[in-house]
Amino acid sequence: MDKFVIKGGNKLFGEVDISGAKNAAVAILPAALLNHGICTIENIPDVQDINYILDVLGRLGAKVERLSRNSVRIDASGDISTVADFEVLNHLRASYYIVGALLGRFGNAEVTMPGGCNFGERPVDLHMKGFAAMGAEVSISSIFKAKKELPLNGANIYLDTVSVGATINIMIAAVLAEGTTIIENVAKEPHIVDVANFLNAMGADVKGAGTDVIRINGVKELNKNITYTLIPDQIEAGTFMIAAAAAGGNVLIKNIIPKHMEAISAKLEEMNVTVEEHIDSIRIISDGKIGKANLKTLPYPGFTTDMQPIAVALLTVANGTSIVTEGVWENRFQYVDELRRLGAHITVNGRMAVIEGVRNLCGGTVNATDLRAGAAMVVAGLMASGKTTVKNIKYVDRGYEHFEEKLRAIGADIQRDSD
Ligand code: EPZ
């Protein structure tokens, strides 16, 4: 199993190019199954979750051709199986998007239940509720099944909880439904807008993505050859912003949409970090002296939960006590024991963590307990004195393209090694 070995203390200088958004890609690639035409998708991040999805699309019968490291061509015009019962899906949360796509196009989907990062209960009841409202018979056991003679019915669906996955999945399934589907209380993350733009590029009629209500007027068929470029990864960008703030230095984070970063930029400024916003880049200038700050994670445009562990790593060395409240997931502080091994002072009470800043962290051996927690350990390792070993980095590889290479290019001392 691979691990990172980091020698902390180097300041970071230079430029980093941000890759395409992983969480947009894991929805857009399955959504390509709706199209009779050929989809060329660019700016795909070269990460493990994408390899899993492309593998599954190929096994279902789509022609999947890697044109380069970051672009792929998908042709789903041939025979496509509606049963995706593959072990590889146990590693992937986003497998549920395959249900929405197969149900929408073929009226049947049988897909291995989602796996992925574990931070408490991860229900799919809202996805089921949406599909059922469109007339499908839905059940879950180890397989997520949904079935309905085509076409699906357009429906009015209110999501009790703001859910990224349910918003996207229902949107995908509704593209070919008969009539209009209105989804209320939807998530507004940048990748929701990206998925809607992709669906519209294929010929769908989706309006309102990025607001609280999405309206999908069903169309009979999608049949266009398209080329679509994914948006940049907001979480990868935020991770590098925090890495630069933590290590100190001066780093330009390029190929991003600064508007997507506003909650993170504002929090970093509150922590005395200089954030310079440009048209498609952000410069972080930091002397490594971090001010304390309180934050609560919320759906977009709030401070995203996926940055929470990384922000907590930074606050471990702040000049006072910070309080971080997790507003999305019930159990997303499992990684704090690992930060404690490096000398962090953190107490957790339910969904709230109290972080007493310490003068410095000391290197040690820690585990990546999930994807973003793994990134948090790397950020902690950059700040810690001496050597930090981050084990179990298969999680990090799921979502960060060439993480250590990008960090090395701006001056970090980080190596990949195997146990
Ligand atoms: C997406 O997960 C992301 N994953 C997660 O990022 C991210 O943490 C999360 O959105 C929130 O922003 C992908 O896009 C692949 P949700 P998702 O449905 O869609 C409750 C990462 O690190 N809920 O928005 O699964 C749920 O319990 C990953 O890249 C229901 O109650 O999250 C949670 O409290 C980790 N019923 C809240 O909604 C449902 O049917 C938000 O979950 C679905 C969700």
Side-chain angles (χ1 to χ4, degrees), residues 27-36 56-57 60-62 76-77 79-85 89 93-114 122-187 192 195-196 198-200 202-209 211-223:
I28 281 175
L29 293 170
L33 290 174
L34 295 173
N35 197 2
H36 287 270
V56 170
L57 296 185
L60 287 175
S77 59
D79 283 346
I80 303 288
S81 163
T82 58
V83 181
D85 182 9
L89 289 172
R93 179 69 187 162
S95 60
Y96 47 46
Y97 295 134
I98 296 171
V99 180
L102 292 176
L103 175 67
R105 173 143 174 224
F106 302 105
N108 186 52
E110 296 178 32
V111 179
T112 307
M113 272 297 280
R122 296 193 70 175
V124 289
D125 57 305
L126 295 171
H127 303 236
M128 296 174 72
K129 179 178 155 182
F131 297 152
M134 288 188 267
E137 232 175 80
V138 190
S139 67
I140 49 169
S141 52
S142 59
I143 305 278
F144 190 155
K145 291 188 187 171
K147 194 177 174 65
K148 154 97 173 66
E149 201 176 303
L150 291 178
L152 301 184
N153 319 324
N156 285 1
I157 299 158
Y158 181 87
L159 301 180
D160 314 315
T161 306
V162 176
S163 158
V164 171
T167 301
I168 293 178
N169 220 352
I170 296 168
M171 193 164 75
I172 291 173
V175 163
L176 298 172
E178 188 168 67
T180 298
T181 300
I182 296 174
I183 325 172
E184 290 186 68
N185 198 30
V186 294
I192 307 256
V195 177
F198 173 74
L199 295 171
N200 287 339
M202 292 193 292
D205 181 358
V206 180
K207 295 194 175 75
T211 74
D212 291 316
V213 182
I214 295 179
R215 186 186 178 95
I216 305 118
N217 295 313
V219 295
K220 285 244 161 355
E221 189 182 75
L222 302 184
N223 196 355

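The figures that follow rest on heavy atoms only: side chains count, while hydrogens, waters and symmetry mates do not. One-based numbering along the sequence shown.
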(message) Go through it in stages, so that I can follow the logic: the residues are Glu110 and Val99, the test is side-chain contact (heavy atoms from CB on, under 4.5 Å), and I'd like the CA-CA distance, side-chain angles, deciding distance and then a yes or no.
(response) CA-CA 7 Å; Glu110 296 178 32; Val99 180; over 6 Å; no

(request) Might you work through the side-chain contact (heavy atoms from CB on, under 4.5 Å) test for Asp212 and Val162, ending with a clear yes or no? (result) CA-CA 9 Å; Asp212 291 316; Val162 176; over 6 Å; no

(message) Evaluate Asn108 against Leu103 for side-chain contact (heavy atoms from CB on, under 4.5 Å), listing each step before the verdict.
(response) CA-CA 5 Å; Asn108 186 52; Leu103 175 67; over 6 Å; no

(message) Let's go through Ile140 and Val124 carefully: what are the C-alpha distance in whole Å and the side-chain angles of both, what is the deciding distance for side-chain contact (heavy atoms from CB on, under 4.5 Å) to 0.1 Å, and is it a yes or a no?
(response) CA-CA 9 Å; Ile140 49 169; Val124 289; 4.1 Å; yes

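Note: Met202 CE to Asn35 CG = 5.5 Å, rounded to the nearest 0.5 Å. For the atom pair NZ of Lys147 and OG1 of Thr82, the computed distance is 7.5 Å after rounding to the nearest 0.5 Å. Remark: Leu126 CG to Ile157 CD1 distance equals 10.5 Å, nearest 0.5 Å. Distance check, rounded to the nearest 0.5 Å: CG of Leu176 to CG of Leu34 gives 5.5 Å. How far OG of Ser163 is from CD1 of Ile183: 10.5 Å, rounded to the nearest 0.5 Å. A distance of 11.0 Å separates CD of Glu149 from CG of Leu152, quoted to the nearest 0.5 Å.
Annotation: side chain of Ile80 is in contact with side chain of Leu102 (closest heavy-atom distance under 4.5 Å). Put simply, the side chain of Val56 reaches to within 4.5 Å of the side chain of Leu89, judged on heavy atoms. Between Leu199 and Met171 the shortest side-chain heavy-atom distance falls below 4.5 Å. A heavy-atom distance below 4.5 Å is not found between the side chains of Arg105 and Leu222. A heavy-atom distance below 4.5 Å is not found between the side chains of Ile143 and Val111.
Closest non-hydrogen pair, Pro30 versus Ala101, comes out as O-CB, 3.3 Å. Annotation for Ile172 and Ala27: closest pair CD1-O, 4.0 Å, computed over non-hydrogen atoms. The two atoms that bring Ala146 and Phe131 nearest to each other are CB-CD1, 4.5 Å, heavy atoms only. When all heavy atoms of Ala62 and Leu33 are compared, the closest pair comes out as CB-CD2, 4.2 Å. Between Ala204 and Val175, the shortest heavy-atom contact is CB-CG1, 3.6 Å. Between Lys148 and Gly135, the closest heavy-atom pair is CD-O, 3.1 Å.
Taking the salt bridge (Lys or Arg N to Asp or Glu O under 4.0 Å) definition, one finds that Asp79 meets it with nothing, sequence neighbours left out. Phe144 is linked by a ring pair (Phe, Tyr, Trp, His ring centres under 6.0 Å) to nothing, counting only residues two or more places apart in sequence or in another chain. Annotation: ring pair (Phe, Tyr, Trp, His ring centres under 6.0 Å) contacts of Tyr96 (sequence neighbours excluded): His127.
At distances below 3.5 Å, not a single donor-acceptor pair connects side-chain atoms of Lys129 with backbone N or O atoms of Ala132. A distance-only check finds a donor-acceptor pair linking the side chain of Asn185 to the backbone of Leu159 [under 3.5 Å]. Using a distance-only test at 3.5 Å, with no hydrogens or angles considered, a donor-acceptor pair links the side chain of Thr211 to the main chain of Val213. A distance-only check finds no donor-acceptor pair linking the side chain of Thr180 to the backbone of Asn217 [under 3.5 Å]. Under the 3.5 Å distance criterion, the side-chain polar atoms of Asn200 are matched with a main-chain donor or acceptor of Val206. For the pair Asp205 (side chain) and Ile216 (backbone), a donor-acceptor distance under 3.5 Å is absent.
Around atom NZ of Lys145, no more than 12 heavy atoms belonging to other residues, nucleotides or ligands sit under 6.0 Å away. Around CD of Glu178, the count of heavy atoms belonging to other residues, nucleotides or ligands within 6.0 Å does not exceed 12. The local environment of CD in Glu137 is sparse, with at most 12 non-hydrogen atoms from other residues, nucleotides or ligands closer than 6.0 Å.
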